[in-house]
Amino acid sequence: MYIFSMVRSGVATVIDKCNKHIPLSRLAIMPETKWTQIEEILKGQHTGTTIHLRGWIYRTRSSGNIIFMILRDVTGVLQATVKKGNLPDAGFEDAFKALIESSVQITGTVKEDKRAPGGYELQVTGLTVVNFAEPFPITKDQSPEFLLDKRHLWIRSRKLTSVLKVRSTVVGAIHAFFREKGFYEFDAPVLQPSQCEGGSTLFEVKYYEDKTYLSQSWQLYAEAGIFALEKIYNMGPTFRAERSKTSRHLSEFWMAEMEAAWMDLSDVVAMAKDEVQYILGEVLQKNKNDLQFLGQDIKKLQEITGSEFPTITYTDSLEILKEKEGMNIEWGKDLRTIEEDRLMNHFKTPVVVTNYPLEIMAFYKPKDEKDPRTALCFDMLAPEGYGEIVGGSQRSNDITTMIHRLKQMGENVQNYEWYFDLRRFGSVPHSGYGLGVERLVAWICKADNIKDTIPFPRTLLRFRP
Ligand code: ATP
Ligand code: MG
């Protein structure tokens, strides 16, 4: 919405959404203009008609009296041909001067043209440059580090735009999935007094005269929440001071977690499989173009959505590694990245691995009485080297064992008294899991590095811009 005004200088202006005065002369197009999006043009909805478009110059080259511009908006890119004589001279001159990433408003006629990218072009009859961009610092073949320095500009690249659209679908699908199943959204504090996933990855925060930590997980608070709401979920920023540089770990990431009263391990394993299938289905429906642009094989993802995801035990996985990969892993050792990847050489869909060795698990994971060396827990691993995407478990109801495990880790048990209360007042079997949003997006988008699945990645070496 624009509001007309007359500033003191006597120049007629319009006031935009941000309360800024824009001289009317800068806006060739009047406020009631109907704006067309590039996607509609590429679908053939406006062929032969005159439309108004606004966006940014993605590429531009001129030869004499003709300028070929590629324009972009959130929906795609379109070729625009600016010919001297077809529009007012001032507009042509501005088009000539405008560098890439200048913002423009354009009027033109849509023509079908097989030679143009996408099969359509816009023959320009009016052009206003809203902002003349300075020379854009990002040119071809820049190093990944440079692109991270310029992340605030690089997120407009077509690649990141596509990934961010998929991410938005994934986040929307997670909310929809749990709400359809009758879960309540439940928020936990981000500032927490103690650890949940191991003290070594805690970020410490000064808290007035005291200290606190950034959340490593929503879980412990969720375990309080289920006694009110029974089935709850959340998606929130999660912080882990990961000391190793990997293509799978961020220091700040988004975890989608669920926790439910009365559910056991097999219930949450089934739910995690359902959830991933549901999310994939939504992305396949809404983001085909983005997946194509990112070089993802859509047919392969469709097949995965329609397949059953296998469940194996940790012990089975060691067998597979031994038999098929010739890897001898000592029982009791955690699966490292290399082992997860080699295991997944033998699966096309995600796989759930249950019953990891109890000794290496977090303090709240209970023993499986049927196989007491192991815990009632699971990870879901993605194919093609994307690693663990979900981790979850049943939760222990045994205060004595939990105290023992916490003491072994050097924790101050006093900090967990409130948590043990949950076992003292009407405790029930309950379970939950966390899905790493960026890990899932990385797999779906075939991203080389998890950094490309979040707008502003934070890692061991970077927290800017
Ligand atoms: P990993 O062994 O890969 O470090 P984890 O066992 O520490 O994972 P969980 O504590 O089970 O992970 O967390 C649940 C999910 O959160 C993981 O399955 C993964 O998808 C995601 N996740 C965990 N740590 C990170 C991280 N540092 N960056 C991005 N996602 C993460
Ligand atoms: Mg970890």
Side-chain angles (χ1 to χ4, degrees), residues 186-205 207 210-230 232 234 236 238-243 255 257-269 314 331-334 354-379 391-434:
F186 177 82
D187 299 316
V190 169
L191 295 173
Q192 301 183 1
S194 51
Q195 60 112 340
C196 173
E197 292 297 326
S200 64
T201 62
L202 279 174
F203 277 111
E204 196 176 301
V205 177
Y207 193 77
D210 207 340
K211 68 176 180 188
T212 177
Y213 306 99
L214 293 178
S215 171
Q216 290 174 311
S217 170
W218 158 94
Q219 180 197 321
L220 301 190
Y221 294 90
E223 287 185 66
I226 55 158
F227 294 97
L229 299 169
E230 295 196 23
I232 56 179
N234 181 272
T238 306
F239 305 87
R240 295 192 188 176
E242 309 278 5
R243 297 275 162 202
M255 183 143 57
E257 297 183 75
M258 64 74 68
E259 192 76 26
W262 310 110
M263 284 197 182
D264 66 10
L265 178 64
S266 65
D267 294 325
V268 284
V269 164
Y314 162 85
W331 200 100
K333 289 251 155 40
D334 205 357
T354 66
N355 290 81
Y356 284 79
L358 188 64
E359 279 293 302
I360 54 170
M361 291 290 108
F363 74 94
Y364 54 78
K365 297 189 185 176
K367 186 197 295 176
D368 184 350
E369 295 300 343
K370 286 196 220 112
D371 183 1
R373 297 180 301 171
T374 69
L376 288 167
C377 66
F378 79 100
D379 281 354
S393 77
Q394 211 162 299
R395 314 306 190 191
S396 173
N397 275 329
D398 176 354
I399 298 177
T400 315
T401 310
M402 286 197 279
I403 289 179
H404 177 69
R405 304 280 317 271
L406 282 167
K407 279 189 177 156
Q408 273 180 335
M409 292 187 290
E411 283 297 303
N412 177 0
V413 178
Q414 219 46 43
N415 284 335
Y416 297 83
E417 266 308 306
W418 69 271
Y419 181 72
F420 299 139
D421 267 354
L422 307 174
R423 303 330 195 240
R424 296 183 180 120
F425 301 98
S427 192
V428 295
H430 62 285
S431 308
Y433 64 78

Peer 1: Can you measure from CE (M361) to SG (C377) and round to the nearest 0.5 angstrom?
Peer 2: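 So the gap between those two atoms works out to 5.0 Å.
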Peer 1: Show the nearest heavy-atom pair for residues Q192 and S217, with the distance to one decimal.
Peer 2: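 Distance-wise, the nearest heavy atoms are NE2-O, 3.3 Å.
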Peer 1: To the nearest 0.5 Å, what is the distance between CD1 on I226 and CZ on F186?
Peer 2: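 I226 CD1 to F186 CZ: 10.0 Å, rounded to 0.5 Å.
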Peer 1: Is the backbone of S200 close enough, under 3.5 Å, to the side chain of R243 for a donor and an acceptor to pair up by distance?
Peer 2: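 Answer holds: no.
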Peer 1: State yes or no: are the ring centers of F363 and Y416 separated by less than 6.0 Å?
Peer 2: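 They qualify: ring centres under 6.0 Å apart.
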Peer 1: So how far is it from Y419 OH to L406 CG, rounded to the nearest 0.5 Å?
Peer 2: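 So the OH of Y419 and the CG of L406 are separated by 9.0 Å.
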Peer 1: Looking at every heavy atom in both S215 and P189, which two are closest together, and how far apart are they?
Peer 2: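 S215 and P189 have their closest heavy atoms at CB-O, 4.0 Å.
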Peer 1: R395 side chain to L220 main-chain N or O, any donor-acceptor pair under 3.5 Å?
Peer 2: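 Looks like no, no N/O pair under 3.5 Å.
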Peer 1: Between R240, Q216, E242, which is the residue that forms a side chain to side chain donor-acceptor pair (under 3.5 Å) with T201?
Peer 2: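 Testing each of R240, Q216, E242 against T201, the sole residue satisfying side chain to side chain donor-acceptor pair (under 3.5 Å) is Q216.
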Peer 1: Got a list of side-chain donor-acceptor pairs under 3.5 Å for residues 424-434, not counting sequence neighbours?
Peer 2:
{"from": "R424", "atom 1": "NH1", "to": "E417", "atom 2": "OE1", "distance (Å)": "3.1"}
{"from": "R424", "atom 1": "NH1", "to": "D421", "atom 2": "OD1", "distance (Å)": "3.0"}
{"from": "R424", "atom 1": "NH2", "to": "E417", "atom 2": "OE1", "distance (Å)": "3.4"}
{"from": "S427", "atom 1": "OG", "to": "N397", "atom 2": "OD1", "distance (Å)": "2.8"}
{"from": "H430", "atom 1": "ND1", "to": "V428", "atom 2": "O", "distance (Å)": "2.8"}
{"from": "H430", "atom 1": "NE2", "to": "E223", "atom 2": "OE1", "distance (Å)": "2.8"}
{"from": "S431", "atom 1": "OG", "to": "M263", "atom 2": "O", "distance (Å)": "2.7"}
{"from": "Y433", "atom 1": "OH", "to": "E275", "atom 2": "OE1", "distance (Å)": "2.6"}

Peer 1: Would a distance-only check, ignoring hydrogens and angles, find a side-chain to backbone donor-acceptor pair under 3.5 Å from Q394 to L376?
Peer 2: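 No.
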Peer 1: Measuring from atom OG1 of T374 to atom CD of E359, what distance do you get when rounded to the nearest 0.5 angstrom?
Peer 2: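 Between T374 OG1 and E359 CD, I get 12.0 Å after rounding to 0.5 Å.
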Peer 1: Answer yes or no: are there more than 12 heavy-atom neighbours, outside Y207 itself, under 6.0 Å from its atom OH?
Peer 2: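 Not more than 12 within 6.0 Å, no.
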Peer 1: Considering non-hydrogen atoms only, spot the tightest contact between A188 and Y221 and give its length.
Peer 2: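 Here A188 and Y221 meet closest at CB-CB, 3.7 Å.
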Peer 1: On a heavy-atom basis, which atom in M255 and which in T238 lie closest, and how many Å separate them?
Peer 2: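 The answer is CB-OG1, 3.4 Å.
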Peer 1: Could you check whether any side-chain N or O of E230 sits under 3.5 Å from a backbone N or O of W262, counting only pairs where one atom can act as donor and the other as acceptor?
Peer 2: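 Absent.
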Peer 1: Can you check side-chain contact (heavy atoms from CB on, under 4.5 Å) on M402 and F420, steps first, answer last?
Peer 2: CA-CA 9 Å; M402 286 197 279; F420 299 139; 3.9 Å; yes
Peer 1: When you compare the side chains of Y364 and Q219, does any donor N or O come within less than 3.5 Å of an acceptor on the partner?
Peer 2: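 Yes, side-chain donor-acceptor contact under 3.5 Å.
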Peer 1: Parallel under 30°, tilted from 30 to 60°, perpendicular over 60°: which one fits the rings of Y356 and Y314?
Peer 2: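 Plane angle between 30° and 60°, so tilted.
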Peer 1: So, for S396 and D398, which heavy atoms are closest and what is the spacing to 0.1 Å?
Peer 2: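 Smallest interatomic distance, heavy atoms only, reads OG-N, 3.1 Å.
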Peer 1: Nearest 0.5 Å, what's the CZ-CG distance between F203 and L191?
Peer 2: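 CG of L191 is found 13.5 Å from CZ of F203.
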Peer 1: Hey, could you give me the CZ/CG distance between F239 and L202, rounded to the nearest 0.5 Å?
Peer 2: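 Answer for the CZ-CG pair, F239 versus L202, is 12.5 Å.
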Peer 1: Side-chain contact test, heavy atoms from C-beta onward, threshold under 4.5 Å: evaluate it for T400 versus I403 and give yes or no.
Peer 2: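 SC-SC contact between T400 and I403 ruled out.
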